[in-house]
Participant: 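Take this structure, written in structure tokens, and hold onto it; I'll ask about it next.
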Amino acid sequence: MSEQPAPADTVRQQLEPAAADAVRAYAARTRENADQFAAVLEDIAANGLPAVEDCTPWEELREAHLARLASQRPAVA
């Protein structure tokens with residue numbers, strides 16, 4: 001592939017309305033997740049780390065996530 005920049009007069013391909021809506025929905029979910037993550041980091045910066053007793057071990061979080069994924073996937077015979 002050429003490493004030359006594309007000419008400025010190229011036309012961008014427009015998405016179908018349903019695809020554009022899906023991209024917007026994904027962007028909104030991503031933005032919401034980023035905002036939640038930023039809020040957690042700001043809380044840690046302001047108040048310090050939570051007490052160990054108040055935390056969930058990563059193994060439990062992993063198992064819960066794997067169970068969620070397994071429930072979303074159809075069973076294979």
Side-chain angles (χ1 to χ4, degrees):
M1 278 183 83
S2 172
E3 296 200 19
Q4 297 177 352
D9 61 350
T10 59
V11 177
R12 294 177 70 164
Q13 180 180 353
Q14 295 297 309
L15 297 175
E16 296 292 326
D21 290 343
V23 170
R24 286 186 196 97
Y26 179 75
R29 286 191 310 273
T30 302
R31 188 175 294 113
E32 182 180 341
N33 290 339
D35 289 344
Q36 290 174 354
F37 183 59
V40 169
L41 293 177
E42 289 169 354
D43 180 69
I44 290 171
N47 302 307
L49 292 169
V52 173
E53 302 82 33
D54 297 334
C55 296
T56 305
W58 72 269
E59 295 91 348
E60 290 180 27
L61 296 172
R62 179 194 62 208
E63 293 303 319
H65 183 64
L66 290 174
R68 262 193 318 276
L69 290 175
S71 71
Q72 294 172 357
R73 181 180 227 186
V76 177

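Side-chain atoms are counted along with the backbone in the values below, which use heavy atoms only and exclude waters and symmetry mates. All values derive from a computational prediction rather than experimental measurement.
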Participant: Please tell me whether His65 and Arg68 have a donor and an acceptor in their side chains that are separated by less than 3.5 angstrom.
Facilitator: yes
Participant: Please determine whether the number of non-hydrogen atoms from other residues, nucleotides or ligands lying under 6.0 Å from atom CD of Gln36 exceeds 12.
Facilitator: yes
Participant: Taking Val40 as the starting point, is it possible to reach Leu49 by hopping between hydrophobic residues whose side chains are less than 4.5 Å apart?
Facilitator: yes
Participant: Measuring from Trp58:CH2 to Glu63:CD, what's the distance to the nearest 0.5 Å?
Facilitator: 8.5 Å
